*Asks:* 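Got a structure here, written out as structure tokens. Questions coming.
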Amino acid sequence: MCPRHYAALAATPIVDVMKPSTQDTVIEARGVSFAYQARSGSAKTPHVAVRDVDLTVRRGELYALLGTNGAGKTTMLEVLEGHRPAMAGRISVLGGDPSDRRHVRPRMGIMLQDSGLAADLTVRETVALAGAISGRRDDVDKVLEHVGISHRSRTRAAQLSGGEKRRVDFAMAIWGRPELVFLDEPTTGLDPASREALWSVVDELKSDGTAFLLTTHYLEEAEKHADRVGLMHAGSIRRQGTLGELTEGGVSTIRFVPPEAVQGLPLPLAGTENGLAVIETRDVQRDVAALLAWAAGHGHVLRRFSVRESGLDDIFRTLGRRPEGQEGKNK
Ligand SMILES: Nc1ncnc2c1ncn2[C@@H]1O[C@H](COP(=O)(O)OP(=O)(O)OP(=O)(O)O)[C@@H](O)[C@H]1O
């Protein structure tokens, strides 16, 4: 779409509901755009935060929407949650219009970046109240236990730590095991054990068929738990696919402390880093085998030997580099 088209977006908010392509499709977005209206000043050009995004999330799948700061991830989530009307494109969430609260509320859980808990309510009251409004049934004590916050059930929200508040937010989102859960940076502020506990609940619900749409800045969490990943920059999805598809053909690195007076390495050195020799490879298995055979044959011990596969962070670094207008359309 041309910039002039985007300039017209803010005048015509629409929610064009589409029929999902398959029975398993929980979220389907085609060509979705959203622009924030300029509030003051002479410039009336809206700020396009999401442009022409295609995205599909299927039953039992975790889709991670990753990207640079200000890329438009939260805005896209808010459109799909039904909190902001898309200004172009077509959407189906749970087979209907995400702004139709009666349709989606009983089937969808949302963990916002900052939910703003009522300071005066206890943990138990907060989760029970959110559960009652959700239209889904569950047992408050079981839910608190499930997310590891039952020891604070009688504590008022105002007295909770940041990480404890996140667990309460998570409890409200998964109440009643919804079909679809939005997680906006769910593990920010959680210690490593609490993160692991949250992911084990997500994995369990996923295996039961719950679909998740996640945003996070923790790439390693997306690498570990996402079935598919979309990488966003400046409002568009620049790359989209499984981790394998996204990292295919990427460069992996082998590192080790070079043996004294090393000579005749079977592979070229890419350089050294903090005293470690670094070898870059596109065929890890072949090159690791060659290196270890060489070391064994010459009686060398390769201390601190490690292999780092090409990952999302490698793609991330190149995200902002693609010239505007030349990026491929997401799948
Ligand atoms: N209420 C608003 N009014 C105007 N512009 C906004 C508003 N909220 C967000 N924006 C702008 O829209 C763009 C996308 O913001 P958004 O919060 O969706 O990005 P994000 O990818 O979630 O960022 P982050 O990773 O930093 O949380 C940014 O340029 C931001 O400044």
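A quick note: this is a predicted structure, and the numbers were derived from the prediction, not measured. Start at 1 with the first residue, then count along the sequence. Atoms within a ligand are numbered from 1 in the order they appear, just like the ligands themselves.
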*Asks:* Of the listed options (His47, Glu78, Gln113, Met76), which comes nearest to atom 13 (C) of ligand 1 when hydrogens are ignored and any heavy atom counts?
*Replies:* His47
*Asks:* If we check salt bridge (charged side-chain N to carboxylate O under 4.0 Å, His left out) with Asp169, which of these qualifies: Lys165, Arg167, Arg166?
*Replies:* Arg166
*Asks:* Has His217 got any heavy atom lying under 4.0 angstrom from an atom of ligand 1?
*Replies:* yes
*Asks:* Distance only, no hydrogens: is a donor on one side chain within 3.5 Å (strictly under) of an acceptor on the other, for Gln240 and Tyr63?
*Replies:* yes
*Asks:* Return yes or no for this condition: an N or O of Ala71 is under 3.5 Å from an N or O of ligand 1.
*Replies:* yes
*Asks:* Out of Lys73, Glu185, Arg84, who is nearest to atom 20 (P) of ligand 1 when you count heavy atoms only?
*Replies:* Lys73
*Asks:* Yes or no on salt bridge (Lys or Arg N to Asp or Glu O under 4.0 Å) for Glu61 and Arg58, after CA distance, side-chain angles and deciding distance?
*Replies:* CA-CA 5 Å; Glu61 178 179 70; Arg58 300 182 191 93; 3.6 Å; yes
*Asks:* Look at the rings of Trp294 and His298 and say which category their plane angle falls in: under 30° parallel, 30 to 60° tilted, over 60° perpendicular.
*Replies:* tilted
*Asks:* Establish, from distance only, whether the side-chain atoms of Ser200 and Asp203 form a donor-acceptor pair under 3.5 Å.
*Replies:* no
*Asks:* I'd like to check which ligand 1 atoms, numbered from 1 as shown, lie under 4.0 Å from a non-hydrogen atom of Thr75.
*Replies:* 14 (C), 15 (O), 16 (P), 18 (O)
*Asks:* Measuring from non-hydrogen atoms of Gly72 to any atom of ligand 1, is the shortest distance under 4.0 Å?
*Replies:* yes
